[in-house]
Amino acid sequence: MPAHSMEAVGVQCRYHKHDEDAEPFNNLLILSPKWKYDLGMETFLRRLPKVELHVHLDGSFEPSVLFSHLKETGEYSSLEVEESVCPWDQSTLHLRSLVQACESEQAFHSLCTCRGKRSLNSVLECFSVFIPIVRGNFNLIEKLACHFVKRQAQQNVIYSEVRYSPHLLAKGGDIGGTESVDPNPIIDAVTKGLRRGENEYGVRVNQILCCIAWRPDWAKDIIEMAHERRNDSPCAIVGVDIAAGEEHFDKEEYPHLHDPHYKAFQRARELRLNITIHAGEVGDAAFVRKAVNEYGATRIGHGYHIAKDLKCLEEMRKKNIHFEICPTSSVETGGWMYGKEGRDWKTHPAISMLKYGLNLGFNSDDPAVFDTSLTWQYRIAVGKMGLTKRCTGLADRF
């Protein structure tokens, strides 16, 4: 990741040390007693130049584009697997019958989105339904990558790092499978689409390659490919990640997931690759510590579960670890565990993290899957969490 994106990213709600006239952070964080929102605020948020660092390419595949592809080509038979096994609970998804049963775009949209289940595994199941439509189709992947850049431009995003697993999008790359795949043509297709998007829409985009927690056999490849392509600009690969669960941190219960990922990330550290890891989303604060101290992460995807661990908060603050906060996602995956009293955004973990002085930014994560947008995350930050314009407006400084 470029140096500027590692130091000051997203809606960075902490001032740089050289800002001599900066107010103390807590003076910038004013919690509104209720949703205070008007046309002026909407105009401000839409026009605000934005940086997005935590967004998944496959989680951005618009259902309307996928449905149009199916209707235009009739390629239901291109679903390379009729059934998919979910490795976390061994349940089976009947993919082809689920997709073919959708007679309207609205029905297909419902199949490809996940709202109200508050479960990371339910979100992952949703991916397992629509990714086979794309898998191994280089032209469609290129088109979707270009469409991603267009969507970022429409939200006034000026810089974005988009992440994905090239193995998962390759022919044979089922999350519950064992088949060997060739991920390189996928990276080629994505890169081609992103570069076309950069040229057409003027958004600067780089890539992050993801390991998949349930496919440890892919981890070594990811690190080596990221190293080989790190200087292949524009749209270079600027970092690596582990996504789709945190089970790989648990050496005792999941040694077969832990050992290959741990070894791969020691290699990443040797190569001085930039590392961001999903941690503390559904796992506890100990996984955040492991990601930083044992895997070399300088950015954490989510990290909500450190909010009540003062020692961890202090450690992350001192190390200036950046947290990629995704408000809507934190609800839908169950990462934010609010109680029976219901959802009160003023008690979101991000508020505690901000008050403690942590470095964080707002992101959409999987905007198509959650039927949301980056701009909507800003609406939540201002209208529900109660952040000030000045806090969100710091994105203009970068």
Side-chain angles (χ1 to χ4, degrees), residues 1 5-7 9-14 53-56 119-121 123-124 161 163 208 210-214 216 219 239-254 257-259 261-266 268-269 273-327 329-338 347-363 365-366:
M1 304 154 200
S5 70
M6 297 299 290
E7 296 170 1
V9 286
V11 186
Q12 164 61 287
C13 290
R14 287 176 57 202
L53 301 179
H54 191 115
V55 57
H56 294 259
S119 162
L120 177 59
N121 287 344
V123 174
L124 296 177
E161 290 174 4
R163 63 187 71 191
I208 296 172
C210 291
C211 301
I212 296 296
W214 297 97
V240 292
D241 178 23
I242 307 176
E246 300 175 45
E247 288 80 1
H248 63 92
F249 285 120
D250 191 339
K251 185 176 182 178
E252 300 303 318
E253 189 168 352
Y254 298 97
L257 302 181
H258 172 275
D259 295 348
H261 284 109
Y262 178 79
K263 183 176 180 180
F265 275 73
Q266 301 318 299
R269 298 177 79 173
L273 294 175
N274 293 308
I275 298 170
T276 174
I277 297 182
H278 286 68
E281 179 181 18
V282 292
D284 61 25
F287 290 168
V288 174
R289 286 195 176 96
K290 284 188 176 184
V292 171
N293 298 325
E294 299 179 21
Y295 289 67
T298 55
R299 288 186 357 212
I300 294 293
H302 307 292
Y304 314 115
H305 285 216
I306 73 165
K308 295 183 179 180
D309 188 323
L310 294 181
K311 288 184 178 179
C312 192
L313 284 169
E314 178 65 12
E315 181 182 353
M316 298 303 120
R317 186 186 64 81
K318 286 182 176 179
K319 292 181 176 179
N320 198 31
I321 301 302
H322 178 79
F323 286 82
E324 303 157 352
I325 302 299
C326 309
S329 170
S330 71
V331 174
E332 301 307 333
T333 64
W336 173 25
M337 300 298 292
Y338 52 80
T347 67
H348 190 277
I351 300 299
S352 298
M353 296 162 80
L354 284 169
K355 285 183 175 179
Y356 209 84
L358 266 61
N359 178 330
L360 62 80
F362 291 106
N363 306 269
D365 199 7
D366 302 300

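Below, each value reflects all heavy atoms present in this structure, side chains not excepted, and no hydrogens, waters or symmetry copies.
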Q: State, with a plain yes or no, whether a side-chain heavy atom of C326 is found less than 4.5 Å away from one of Y304.
A: yes

Q. Partners of H305 by ring pair (Phe, Tyr, Trp, His ring centres under 6.0 Å), sequence neighbours excluded?
A. none

Q. Listed by chain and number, what are the side chain to side chain donor-acceptor pair (under 3.5 Å) partners of E294, not counting sequence neighbours?
A. none

Q | Listed partners of T347 passing side chain to side chain contact (heavy atoms under 4.5 Å, CB included), at least two apart | A | W336, D344

(Q) Could you check whether any side-chain heavy atom of L313 comes within less than 4.5 Å of a side-chain heavy atom of M353, counting everything from C-beta outward? (A) yes

(Q) Holding to side chain to side chain donor-acceptor pair (under 3.5 Å), I want the full list of residues that pass it with H348, two or more places apart in sequence or in another chain. (A) S330

(Q) My understanding is that only one of D365, V282, N363, V288 makes a side-chain contact (heavy atoms from CB on, under 4.5 Å) with H302; could you say which? (A) D365

**Q.** Set of residues satisfying salt bridge (charged side-chain N to carboxylate O under 4.0 Å, His left out) with respect to K319, sequence neighbours excluded
**A.** E315

Q: Indicate the ring-plane relationship of H261 and H248, choosing parallel, tilted or perpendicular according to the 30° and 60° boundaries.
A: tilted

Q) Between CG of D309 and OG of S352, what distance do you get to the nearest 0.5 Å? A) 12.0 Å

(Q) Among residues at least two apart in sequence or on other chains, which ones pass salt bridge (charged side-chain N to carboxylate O under 4.0 Å, His left out) with K318? (A) E314

Q. Is the closest side-chain heavy-atom distance between E247 and W214 below 4.5 Å?
A. yes

Q. Can you list the residues that meet the side chain to side chain donor-acceptor pair (under 3.5 Å) rule with D366, with sequence neighbours excluded?
A. none

Q) How would you list, by chain and number, every residue that makes a ring pair (Phe, Tyr, Trp, His ring centres under 6.0 Å) with F323, sequence neighbours excluded? A) none

Q: Only counting residues at least two apart or in another chain, list the ones meeting side chain to side chain contact (heavy atoms under 4.5 Å, CB included) with A297.
A: I275, I277, A291, I300

Q | With S119 via side chain to side chain donor-acceptor pair (under 3.5 Å) - residues at least two apart | A | S122

Q: Could you tell me whether the side chain of C312 reaches within less than 4.5 Å of the side chain of R289, counting heavy atoms only?
A: yes

Q) Considering all heavy atoms of both residues, which atom of T276 and which atom of G301 are nearest to each other, and what is their separation? A) OG1-N, 4.2 Å

Q | Contact check, side chains of V240 and F265, non-hydrogen atoms, under 4.5 Å | A | yes

Q: Identify, with sequence neighbours excluded, every residue that meets salt bridge (charged side-chain N to carboxylate O under 4.0 Å, His left out) alongside E246.
A: none

**Q.** Stepwise side-chain contact (heavy atoms from CB on, under 4.5 Å) test for H54 and I325
**A.** CA-CA 8 Å; H54 191 115; I325 302 299; over 6 Å; no

